[in-house]
Amino acid sequence: MRILFLCLIFVSPLVTAGTPMPQQVIEDYFESFNREDRAALNESSGTPFVFIIGGKPTAYPKYGNAVDFDGMRASGWSYSRIHKNELVYQDDISAMVDIKFSRYDASGAPISTTDVVYLLIKRDGVWKVKGGFVDGDLTLGKD
């Protein structure tokens, strides 16, 4: 019995070590956004991706279809930084992560701060960002 217990203690972290947890998935998602890496954003998002911004729901085939980086730069955006990243809920197949982030211009001055709750779904052992809920306004560069 002791051997089984010791095996579980040492093997369990190895089994989950290769699968990023929901909060890390969101960190990676923001890094991809800052790199303007549409392919990585699409890879990290579920199909369809749903944004509810200011009460208005919009579905996109993938997250990369939701954002216009030319429009983002025209709005003054240069990069984004997460200030708060809290796991709200997690079970075997779904998770919700509460984020507070700011967008900054090229000089490092903040241009907006936003709260978003992201919904993640686990598919084939991988967490995918499935949707985002924004109470207020947030440009994706298309408006």
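Computed over heavy atoms, backbone and side chain alike; hydrogens, waters and symmetry mates excluded.
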State whether the number of non-hydrogen atoms from other residues, nucleotides or ligands found under 6.0 Å of K84 atom NZ is greater than 12.
yes
Kindly check if the number of other-residue, nucleotide or ligand heavy atoms within 6.0 Å of CG (D135) is above 12?
no
Side-chain contact, heavy-atom cut-off 4.5 Å: [X] with [Y]?
X    : Y    : value
S44  : D28  : no
I26  : I82  : yes
W77  : R103 : yes
I52  : V134 : no
L41  : Y29  : yes
T58  : I53  : no
R81  : F101 : no
K130 : P48  : yes

Distance in Å, [X] [atom1] paired with [Y] [atom2], rounded so as to fall on 0.5 Å steps:
X   : Y    : atom1 : atom2 : value
Y60 : N42  : OH    : CG    : 13.0 Å
S78 : R73  : OG    : CZ    : 9.5 Å
N85 : Y118 : CG    : OH    : 10.5 Å
F69 : N34  : CZ    : CG    : 8.5 Å
I93 : L120 : CD1   : CG    : 12.5 Å
M96 : L119 : CE    : CG    : 5.5 Å

Looking at every non-hydrogen atom in both residues, tell me the closest pair between [X] and [Y] and how far apart they are.
X    : Y    : result
P22  : L87  : CB-CD1, 4.1 Å
F49  : K62  : CB-C, 4.0 Å
H83  : S102 : NE2-OG, 2.8 Å
G76  : I111 : C-CD1, 3.7 Å
I121 : S94  : CD1-CB, 4.1 Å
K142 : A66  : CE-O, 3.4 Å

Joint hydrophobic cluster, [X] plus [Y], side-chain heavy atoms closer than 4.5 Å:
X    : Y    : value
I99  : F133 : no
V117 : M21  : no
V50  : V129 : no

Polar side chain donor-acceptor pair, N65 to Y63, under 3.5 angstrom:
no
Without hydrogens or angle criteria, can the side chains of S75 and T139 be said to hold a donor-acceptor pair below 3.5 Å?
no
Test of ring centre spacing under 6.0 Å for Y79 and F33:
no
Working for side chain to side chain contact (heavy atoms under 4.5 Å, CB included), residues V97 and Q24
CA-CA 10 Å; V97 178; Q24 184 60 52; over 6 Å; no
Taking 4.0 angstrom as the limit, do [X] and [Y] come out as a salt bridge?
X    : Y    : result
D92  : K122 : no
K128 : E43  : yes
K100 : E86  : no

When you measure from the side chain of R38 to the backbone N and O of V67, does any donor-acceptor pair fall under 3.5 Å?
yes
